[in-house]
Every structure is written in C-alpha cells, then in structure tokens.
Amino acid sequence: MSGYTREDIIKMVRDEDVEFIRLQFTDIPGTFKNVAVTASQLEKALDNRCGFDVRAATGLAGAGEGTLYLHPDYDTFVIFPWRPQQGKVARMICDICYEDGTPFEGDPRHILKAAVAEAARMGYRFEVGPECEFFLFHCDENGLPTTLTHEQAGYFDMSPLDLGENARRDIVLTLEEMGFEIEASFHEAAPAQHEIDFRHDEALRTADNIMTFKLAVKTLAKRHGLHATFMPKPRAGVGGSGMHLDMSLLCGEKNVFADEQGRYGLSMEALTFIGGILQHARGMSAITNPLVNSYKRLVSGYDAPVHIAWDPLHPDSLLRIPQDKGAGKRIALRSPDSAANPYLALALCLRAGLDGISRQMMPPEGMGHGPVNGETDVRRIRELPGTLIEALHEMEQDDLVREVLGDYAFDRYLELKHQEWNAYKAQVSAWELEQYLSRY
C-alpha cells in the first residue's frame with residue numbers, strides 16, 4: 001500500500017496538473033461506477049462530502065430513496081496514463097457510507113473488509129492472485145462490439161498468428177505504469193482469447209486491482225479498435241474465460257498452507273480450508289459465476305470444472321494445488337469468472353475456507369482423482385450448478401452466504417438475479433428456431 005495522506009493527495013493533484021478526480025465505487029452486481037469532481041472540489045471529496053443516490057449502489061431502480069457518501073481510500077490514488085497529459089484524470093476507489101460515516105451494508109468493499117477482519121481475528125491474512133482471461137474482438141462499422149476475429153491463434157502463439165499482441169503489450173505496459181506487477185501475459189487457447197496475470201496481494205487490494213484491471217483492458221483495447229469482453233462464454237464451440245483465484249493464508253510472514261510433511265505438501269489448515277470451499281461451492285456459485293452465460297462455460301469438454309472435487313495437478317479439477325512449495329504454496333479455485341463482483345467472491349471464498357478450518361472439514365478421501373480418470377464413481381460426486389436459477393436456489397439454502405453478504409446485499413442480489421433469469425427465460429434463442437421452427 002502507498003500510505004498516502006490527505007496532504008499527499010492535494011500535493012499530487014496540484015503538482016501533476018490533475019483536473020478531474022474520479023471517485024470510483026462498485027455496486028452490488030459488480031459494476032464499476034464513479035462520481036467525477038474537478039480539482040476545485042478535491043477537499044470536499046477528501047472530507048467525505050460527495051453524495052449520490054442509493055439506487056446507484058444497489059443496481060435496483062426500486063431500492064428506495066436516500067443519499068450515500070463516498071469515502072475515498074487515499075492509497076488507491078492513481079493517475080490514468082491513457083488520459084491527456086495536460087488536465088490529467090486521476091481516481092480514488094471509495095467506500096460507501098451513510099451521512100454519519102456508518103458503512104453502507106450494501107457496499108461490496110465493506111463486505112470484503114468484514115471478511116478480512118474475521119480472518120485477522122483468527123490470526124490470518126488472506127492473499128489472492130487472479131488469472132483473468134478475456135477476448136479481444138472486432139467492432140463493427142458503428143464501433144459496436146461483435147464476436148468476430150480474423151485470427152486462429154491458440155495457446156502461447158505469437159505474432160503474426162496472435163493479432164491482439166500489440167494491444168496486450170500496451171495493456172501490460174500501462175498496468176505496470178499504474179503500479180501493477182505483471183507476472184505473465186499470453187494468448188489463451190481460443191482464437192482472440194488472452195490472459196494477463198498480476199501478482200498476488202492482500203485480498204482487498206486484489207479486488208481493487210481486478211476492477212481497475214478490467215477498466216484498463218477495456219479502455220486500451222478500444223484504442224486499438226478492439227472490444228475487450230470478460231463475458232464468460234461469448235462463442236460456442238471454444239473454451240470460455242475464467243478468473244482462477246490462487247489463494248493462500250498467512251500468519252505473519254509464514255504461509256500456513258505449506259507443510260512439506262503433509263498430504264500433497266499441504267498443512268491441516270490448507271486441507272480444511274479446501275473442505276470448506278468444497279462444502280460451500282454450490283452456495284457460492286451465484287456469486288462466483290453470476291450470469292446466465294456463466295453456466296455455458298461450466299460444461300464438460302472445455303477445460304472448465306464441473307464436479308465439486310479437488311486434485312493437486314489435474315487441470316480440469318475445481319480445486320487445483322500448484323506445485324509451488326513453502327512460501328508459494330497456494331490453492332487454485334478454477335470455477336469463478338471475471339463477471340463476478342470480486343469483493344463478494346473473495347469474501348465468500350475466504351469465509352468458506354475459514355468455516356472449513358473452524359469446523360475441521362477435511363476434504364473427502366478418494367476425490368483427488370475421481371472425476372478425471374475414472375478411479376471414483378462420478379455419480380457419487382456433487383456437481384456445480386448447471387444454470388443460474390439452480391445456483392440461486394443453492395445460494396438461498398446456504399446460511400453462510402447470507403451471513404457473509406448480510407441480509408441487505410443478499411436479498412437485493414437475489415432480486416437482481418431472479419430478474420435476469422426471468423428475462424432470459426422469456427427469450428427465444430437462435431438455437432430453438434434452428435431446432436424447432438421447421439420441424440413442428
């Protein structure tokens with residue numbers, strides 16, 4: 001963290017010729033929002049006096065009346081490199097509060113902070129490294145996005161096969177200018193699909209970084225005449241885009257997941273953390289995989305997890321254990337996608353894992369190699385939900401999910417997602433017309 005003070009922010013805005021400051025926040029569904037102020041209003045913003053309508057924080061038009069206030073996190077101050085160099089644009093990510101400073105119960109950032117505080121009470125610090133995948137597609141003559149691409153590149157291909165290489169390079173360089181430590185970037189398996197991995201960090205910082213990352217990717221792709229999408233499955237017949245989460249727990253500087261004498265090099269805390277994730281995987285799915293389209297990705301045959309099982313190595317497992325040892329020991333959850341609200345997703349992953357530790361939930365024996373090589377009867381292994389509505393039903397039955405989100409965010413999230421499902425259910429797809437129009 002930068003450790004900026006109020007005086008530091010004022011000085012940087014003045015010295016760097018910053019004219020606009022975007023006060024950014026995330027609503028319950030996971031959309032990045034902002035209230036922009038000029039430099040003349042900076043001190044008002046730093047005094048937490050910038051307000052907005054409560055409906056903007058919920059994603060619901062009928063969420064009631066009232067004013068909420070933005071409390072900037074000084075350490076998130078950054079100048080956007082892609083904006084003009086005279087009259088620059090900066091941003092700060094904000095917490096959402098009531099007028100008296102009480103945190104708004106529907107603020108996803110507050111929900112993650114509460115989960116992080118619970119981990120701290122147990123003596124842990126939660127660190128996460130995301131692996132974010134996305135597609136770069138062409139735009140049409142009106143600048144609107146399509147799912148078209150002229151390339152046929154695959155895993156780790158490079159120019160001239162990888163037609164998005166220049167855009168990806170500019171994205172990486174810009175992110176590094178903004179303070180990201182990029183560990184890897186490459187072309188993914190499907191044509192026009194890419195992945196950029198940035199360094200693991202404390203959970204709140206990682207969630208902030210995911211939101212910033214998606215904004216930067218979309219903005220810079222547009223400058224190259226491309227549309228970047230984090231839609232989980234934009235094209236049939238190829239793999240979708242996920243957001244694998246590499247997770248570890250630390251106590252001081254010690255990675256408590258590591259035990260060279262333990263099973264797969266994992267400590268008892270790691271094994272029971274896995275047990276908690278497996279226990280709550282179905283209940284969390286509506287958060288980690290929040291769209292109707294998310295479940296088009298979670299199908300067999302496209303390197304995406306389907307069964308609620310874990311394996312130390314197999315790439316199709318829900319939970320994978322990378323080979324890193326000691327301080328690098330981590331657990332990789334492979335089901336989430338980048339459409340998820342990262343604050344809610346990380347809060348649930350953390351609390352599910354802590355629930356496993358508290359209740360000593362050992363992961364089931366014999367599941368490590370079951371669904372992927374036939375050694376275990378797959379019929380005995382639970383599966384992830386197959387549709388959004390199934391995931392919503394599972395969410396409603398998982399008491400931990402309600403506890404983590406709180407009644408306000410839980411109920412409003414469910415309301416939004418039921419609206420989404422009902423709108424989808426009423427549509428007639430091209431597949432239905434192709435299958436049924438001439439036959440019946």
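Please read all numbers here as calculations on a predicted model, not as lab measurements.
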statement: dist Glu269:CD -> Gln360:CD (nearest 0.5 Å) comes out at 8.5 Å
task: Answer yes or no: does atom CE of Met268 have more than 12 heavy-atom neighbours from other residues, nucleotides or ligands under 6.0 Å?
output: no
- prompt: Between Lys233 and Val238, which heavy-atom pair has the shortest distance, and what is it?
  reply: NZ-O, 2.5 Å
query: What pair of heavy atoms forms the shortest contact from Gly101 to His71, and how long is it?
result: CA-CE1, 4.0 Å
query: Quick one: does Asp95's side chain have a donor or acceptor within less than 3.5 Å of a partner on Pro103's backbone?
result: no
task: Check whether any side-chain heavy atom of Leu333 sits under 4.5 Å from a side-chain heavy atom of Met247, and report yes or no.
output: yes
query: Should we count NZ of Lys218 as having more than 12 external heavy atoms under 6.0 Å?
result: yes
message: If I compare all heavy atoms of Thr67 with all of Gly51, which pair ends up nearest, and what's the gap?
response: CG2-CA, 4.0 Å
statement: Here the gap from Asn34 atom CG to Ile21 atom CD1, rounded to the nearest 0.5 Å, amounts to 11.5 Å
query: Does any N or O in the side chain of Arg382 come within less than 3.5 Å of the main-chain N or O of Leu278, such that one atom is a donor and the other an acceptor?
result: yes
message: Under the side chain to side chain donor-acceptor pair (under 3.5 Å) test against Tyr343, which residue among Asp107, Asp208, Thr206 passes?
response: Asp208
query: Does one side chain, of Thr212 or Arg91, offer a donor that lies under 3.5 Å from an acceptor on the other?
result: yes
- request: Please confirm whether the backbone N or O of Gly275 pairs with a side-chain atom of Thr272, one donor and one acceptor, at under 3.5 Å?
  value: no
- line: Rounding to 0.5 Å, atoms CZ (Arg125) and CG (Leu249) come to a distance of 10.0 Å
field: Backbone N/O of Ala286 and side chain of Tyr413: donor-acceptor pair under 3.5 Å
entry: yes
query: Is a donor on one side and an acceptor on the other found under 3.5 Å between the side chain of Asn422 and the backbone of His418?
result: yes
field: Validation row: Cys97, Asn48 side chains within 4.5 angstrom (heavy atoms)
entry: no
field: Any side-chain donor near an acceptor of the partner, Thr5 and Asp8, under 3.5 Å
entry: yes
message: Could you check whether Glu131 pairs with Arg334 (Lys NZ or Arg NE/NH1/NH2 to Asp/Glu carboxylate O, under 4.0 Å)?
response: no
message: Using the rule given for side-chain contact (heavy atoms from CB on, under 4.5 Å), can you reason through Thr147 versus Phe135, listing the C-alpha separation, both sets of side-chain angles and the distance that settles it, and then say yes or no?
response: CA-CA 9 Å; Thr147 57; Phe135 282 86; over 6 Å; no
task: Could you point out which residue of Gln193, Arg297, Glu133 forms a side chain to side chain donor-acceptor pair (under 3.5 Å) with Ser241?
output: Gln193
- prompt: Would you say the side-chain atoms of Asp246 and His200 include a donor-acceptor pair closer than 3.5 Å?
  reply: no
task: Any chance you could lay out the side-chain contact (heavy atoms from CB on, under 4.5 Å) test for Thr229 and Phe134, step after step, and finish with the verdict?
output: CA-CA 6 Å; Thr229 181; Phe134 56 94; over 6 Å; no
- prompt: Applying the side chain to side chain contact (heavy atoms under 4.5 Å, CB included) test to Leu42, which of Asp47, Val37, Ile9, Val18 qualifies?
  reply: Ile9
task: Decide yes or no for His280 and Val401: does some side-chain heavy atom of the first lie under 4.5 Å from some side-chain heavy atom of the second?
output: no
field: Approximate separation, where rounding is to 0.5 Å, of Phe198 CZ and Ile210 CD1
entry: 5.0 Å
message: Which heavy atom of Leu318 sits nearest to which heavy atom of Pro305, and what is that distance?
response: CA-CB, 3.7 Å
- request: Indicate yes or no: at least one non-hydrogen side-chain atom of Phe80 is less than 4.5 angstrom from one of Thr174.
  value: no
message: Please check: side-chain N/O of Glu202 versus main-chain N/O of Leu204, any donor-acceptor pairing under 3.5 Å?
response: yes
query: Is there a donor-acceptor contact under 3.5 Å from the side chain of Asn293 to the main chain of Pro234?
result: no
task: Begin with the C-alpha distance, continue with both residues' side-chain angles, and end with the deciding distance and a verdict on side-chain contact (heavy atoms from CB on, under 4.5 Å) for Ile274 and Ile321.
output: CA-CA 10 Å; Ile274 290 170; Ile321 313 301; 3.8 Å; yes
- prompt: Testing Glu390, Gln397, His393 for side chain to side chain donor-acceptor pair (under 3.5 Å) with Arg282, which one passes?
  reply: Glu390
field: Within-4.5 Å side-chain heavy-atom neighbours: Leu400 and Gln279
entry: no
message: Would the distance check show the side chain of Thr219 and the main-chain N or O of Ala216 forming a donor-acceptor pair, the cut-off being under 3.5 Å?
response: no
message: Using every non-hydrogen atom in the two residues, find where Glu394 and Pro385 come nearest and quote the distance to one decimal.
response: CG-CG, 4.4 Å
- prompt: Do Lys214 side-chain atoms and Ser338 backbone N/O form a donor-acceptor pair below 3.5 Å?
  reply: yes
CA sep, side-chain torsions, deciding dist, call: Glu415, Arg412, salt bridge (Lys or Arg N to Asp or Glu O under 4.0 Å): CA-CA 5 Å; Glu415 182 180 351; Arg412 278 151 184 79; 5.8 Å; no
query: Relative to each other, are the rings of Phe273 and Phe126 parallel, tilted or perpendicular (30° and 60° limits)?
result: tilted
Beyond-backbone contact of Met361 with Asp355, side-chain heavy atoms, under 4.5 angstrom: yes
message: The test is side-chain contact (heavy atoms from CB on, under 4.5 Å); show your working for Ile357 and Tyr124 and say whether it passes.
response: CA-CA 11 Å; Ile357 291 175; Tyr124 300 123; 4.1 Å; yes
message: Determine whether a donor-acceptor pair (N or O, by modelled atom type, separation under 3.5 Å) exists between the side chain of Asp337 and the backbone of Ser294.
response: no
query: Roughly how far, to the nearest 0.5 Å, is CE of Met92 from CG of Asp73?
result: 9.5 Å
- prompt: Are the side chains of His110 and Phe104 in touch, meaning some heavy atoms are under 4.5 Å apart?
  reply: no
query: Rounded to the nearest 0.5 Å, what separation is found between the CG atom of Leu70 and the CG atom of Leu46?
result: 12.0 Å
query: Any idea how Tyr424 and Trp421 line up, ring-wise: parallel (<30°), tilted (30 to 60°), or perpendicular (>60°)?
result: tilted
query: Checking Lys33 against Phe52: charged group under 6.0 Å from the ring centre and within 45 degrees of the axis?
result: no
message: Are there over 12 heavy-atom neighbours, none belonging to Glu432, within less than 6.0 Å of that residue's CD?
response: yes
- line: Closest non-hydrogen contact found for Ala192 with Thr149 is CB-OG1, 3.6 Å
task: Kindly indicate whether the side chain of Ile93, heavy atoms from C-beta on, has any atom under 4.5 Å from the side chain of Thr26.
output: no
